[in-house]
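Take a look at the structure set out below.
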Amino acid sequence: MDVDSPQANGMKRKGRKSNENKASYREDSESEDMPLSKRRRTSSKPVKPESDSESDVPLAKKPSAKDVNSLSKQKEKFEKRAEKEAKAIRKDAPKKVKQETPKGNTKKQTPSASAKAKKAVVKDEEVDEDEDEEYRWWENVQQGDGTKKWATLEHNGVVFPPDYEPLPKDVKFYYDGNPIDLHPEAEEVATFYGSMLHSTVNVENPTFNKNFFEDFQGYIKKTGGAKNAKTGDKVDIKSFEKCNFKHIFEWFDAEREKKKALPAADKKAAKAEKDKTEAPYQYCMWDGRKQKVGNFRVEPPALFRGRGEHPKTGRVKKRVFPEQITINIGKDATVPAPPEGHKWKEVKHDQEGTWLAMWQENINGAYKYVMLAANSDVKGQSDYKKFEKARELKKHIDHIRKDYQKNLRAEKMVDRQMASAIYLIDRLALRAGNEKGEDEAETVGCCSLKYENITLEPPNHVIFDFLGKDSIRFYDKVEVDPQVFKNLKIFKKAPKGRGDDVFDRLTTSGLNKHLQQYMTGLTAKVFRTYNASWTMANLLKDIKATGNVAEKVKIFNDANRRVAILCNHKRTVAASHENTMEKMTERINGLVYQQWRCKQMMLELDSKIKKKKGAEYFALPSQLDEEWVRKHQADLVAEQREKIQKKFDKDNEKRIAEGEKKMSGKELDERLEAVDELQKKFKKENKTKKVEPEGRGPSVEKLEQNIDKITQRIETMKVQSEDKEANKEVALGTSKINYIDPRLSVVFSKKFDVPIERLFSKTLREKFDWAIKSVDDDWEF
DNA sequence: GACTAGACTTGGAAGAATCTTT
DNA sequence: AAAGATTCTTCCAAGTCTAGTC
């Protein structure tokens with residue numbers, strides 16, 4: 001239960017065993033002597049003698065390479081701008097460059113500052129504005145040394161999950177067809193699994209099942225075994241295949257339904273009750289200011305849902321007891337009382353930490369922290385600092401780029417690898433890529449890229465294919481600098497093979513140390529922030545103010561999407577996606593059909609028009625065919641019939657409600673005559689291959705207008721549908737929340753008159769309060 | 001420099017709430 | 001009003017990176 005064994009956030013690091021490998025890294029063409037000052041670091045694991053057939057199974061269905069050309073071309077443009085700007089900054093502020101304090105770019109902030117001052121005065125007079133006066137920390141960011149995070153801190157600790165409530169007597173886990181009695185502790189574990197049968201990604205994962213079953217068996221053994229609920233005989237639970245959790249699942253499902261079906265008032269009351277009991281934990285007092293706590297709930301016991309091929313996925317994540325929890329709180333504050341009969345593991349007064357409580361989870365020994373919510377001052381400040389740091393990189397980026405460009409040809413292997421790695425981090429927004437342990441999913445970042453993750457295609461194309469954070473696949477074919485191509489070829493040279501590091505001389509800390517030389521605090525991840533925000537800034541810069549709000553929001557989202565693609569932020573395609581797409585094409589086809597009918601009507605009105613416009617114009621569009629038309633006609637007929645029926649029913653209801661008599665079936669028949677006529681009309685059209693002109697005073701001109709209108713609608717729908725398809729596996733959220741400087745969005749909102757609500761949800765507006773209140777429409781990243 | 005404990009940010013998915021369509 | 005789609009929020013896993021120890 002105690003997880004005190006020292007582990008790096010639980011993960012045992014892979015030993016850095018060094019193989020003495022006398023690899024020669026001489027390039028084929030050029031003869032460069034690269035001193036091998038250090039021993040080569042290779043994976044401690046032997047190269048897996050995997051059968052090729054297995055390893056060749058594609059990771060995902062279809063590699064969706066990004067549009068290499070347009071994206072990289074634009075990136076080039078933005079890089080040029082970056083270089084220009086870096087030079088301009090240095091020219092502008094030859095001496096001040098060192099520390100750009102928040103008030104640093106005085107020119108731009110002065111107007112807003114004075115405006116705010118005015119506002120502040122007004123506010124003093126009419127106090128009714130907000131609850132309590134807000135603390136505009138961003139107007140006065142002290143550098144400080146950043147170590148002491150608070151002077152006083154009061155909070156009420158954490159909320160524990162409810163105790164386990166045993167299942168009703170008639171709901172059982174089944175084994176080999178028999179209901180089984182389990183000790184509540186083992187039964188609880190059964191419910192972890194039973195309640196998630198709908199989660200196919202887990203329940204169909206053999207590792208998940210194996211791990212779960214092992215732990216489950218352990219619990220059964222530990223708690224006195226399992227018994228046949230009918231006979232009372234001991235049952236040995238030894239085969240996962242014979243386990244049946246269906247009854248448990250159905251019970252949970254029914255409970256979920258029951259909850260959902262509750263009257264709205266009851267739901268509301270239940271929520272109010274919960275809010276009330278949790279209220280004391282929602283907020284804390286941080287340096288005397290009320291601040292929202294983020295995650296005050298202790299994580300409930302469950303099955304660990306490790307992602308990708310996590311070797312421990314499915315293991316039981318145990319219930320956390322007060323005895324495992326460390327509380328961090330002000331010296332003078334009242335320490336929250338642990339639950340009756342329990343005590344805290346420890347109570348600290350660590351002013352250098354921003355966490356309120358902490359414990360270690362039993363699977364990986366990972367630390368779990370209770371911290372403040374994203375909208376709190378501390379989090380806001382560090383967010384602000386993060387973006388300021390990224391902006392600071394603007395001043396150095398040209399140097400850094402020039403440097404790595406030069407060092408791509410460095411004599412020493414380390415330097416070459418360093419330059420190549422930074423190149424990739426900068427150009428492809430790769431993560432640093434820390435070393436990972438044996439008992440984690442095998443994912444990589446830049447420094448940990450493996451031999452097999454890179455495929456070289458002469459003259460200078462590189463295919464990257466690897467699983468990154470969260471086992472999300474990164475697949476991209478990229479055109480790289482010829483020297484980078486050469487280098488990668490060298491880095492991959494024999495005796496390296498599958499499983500070996502491409503950058504065998506690099507570690508993330510070495511890389512970051514190198515980066516610090518250019519700028520204090522510069523690390524690999526700053527490049528991601530910088531490139532994301534810089535890209536967004538440039539995309540927004542090129543926008544012209546046109547269209548309505550919806551169109552402008554779309555433009556914004558398009559830019560957002562470009563950033564998300566840059567960062568490789570993906571989501572799994574929604575189950576309903578294909579269906580939705582089909583519906584959309586059907587709708588489009590319906591419009592195309594309408595258009596075609598209009599054209600046929602024109603033929604009836606003007607006998608010469610066929611010659612004038614050409615036969616092509618009147619042909620049935622290629623995406624439609626006879627069969628489709630028949631079906632569509634039938635659908636239209638059915639649709640109309642349904643509509644009339646519904647209207648009729650509704651009218652009748654109304655009549656009854658008003659005390660009138662119901663309409664007769666005859667009336668319905670009369671109304672439905674229109675449908676019959678439509679049907680007849682279609683029949684005739686199909687037979688004669690002619691379409692009678694419709695509408696009042698039909699004319700070729702009117703029909704043409706109509707066709708144009710429909711064309712418009714088709715176009716919008718097509719755009720919508722293409723948009724949807726392109727967006728199906730791109731997740732916009734992460735870049736919006738973590739990478740794009742929120743001030744960019746605020747400026748966009750102001751400049752183009754798009755309400756900020758359209759760009760930021762309520763929580764995001766709270767999180768980015770500092771950004772919303774601190775910039776004018778001329779602020780630049 | 002290697003190693004790792006610790007603390008903090010980033011990330012996708014699940015679940016809840018809300019909007020849209022039927 | 002139910003169903004379906006979409007958006008927002010919560011959850012917690014999985015990264016990054018610093019600093020301390022040897």
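These numbers were taken from a predicted model, which means no experiment stands behind them. Lettering of chains follows the sequences in order, A, B, ..., and the numbering in each one begins at 1.
- One finds no side-chain N or O of A:T507 lying less than 4.0 angstrom from the OP1 or OP2 phosphate oxygen of B:dG1.
- For A:R765, the CZ atom is densely surrounded, since the number of other residues' heavy atoms within 6.0 Å is greater than 12.
- For C:dT16, the base has no donor-acceptor partner in the side chain of A:K525 [N/O atoms by modelled type, under 3.5 angstrom].
- As judged by a 4.0 angstrom heavy-atom cut-off over every strand, A:Q516 is placed among residues touching the sugar-phosphate backbone only.
- The distance between the ring centers of A:F249 and A:H198 falls below 6.0 angstrom.
- Contacts of A:A441 with the nucleic acid, taken as non-hydrogen atoms under 4.0 Å apart, are absent.
- Here A:Y739 does not reach the OP1 or OP2 of B:dT9: none of its side-chain N or O atoms lies under 4.0 Å away.
- For A:S382 and B:dT9, the shortest distance from a side-chain N or O to OP1 or OP2 is below 4.0 Å.
- Ion pair A:E388/A:R743 flagged as a salt bridge, since at least one NZ, NE, NH1 or NH2 atom sits closer than 4.0 Å to an Asp/Glu carboxylate oxygen.
- Proximity of A:K762 to the phosphate of B:dA17: no side-chain N or O atom is located under 4.0 Å from OP1 or OP2.
- Residue-level contact check: A:G445 touches neither bases nor backbone, having no heavy atom under 4.0 Å from any strand.
- The residue A:K513 sits apart from the nucleic acid: no heavy atom pair falls under 4.0 Å.
- Here A:R528 lies in heavy-atom contact (under 4.0 Å) with sugar-phosphate atoms only.
- One finds no side-chain N or O of A:T572 lying less than 4.0 angstrom from the OP1 or OP2 phosphate oxygen of B:dG12.
- Using a 4.0 Å heavy-atom criterion, one finds that A:I472 contacts the sugar-phosphate atoms exclusively.
- The pair A:K271-A:D275 counts as a salt bridge, with a side-chain nitrogen and a carboxylate oxygen less than 4.0 angstrom apart.
- For C:dG15, neither phosphate oxygen OP1 nor OP2 lies less than 4.0 angstrom from any side-chain nitrogen or oxygen of A:N434.
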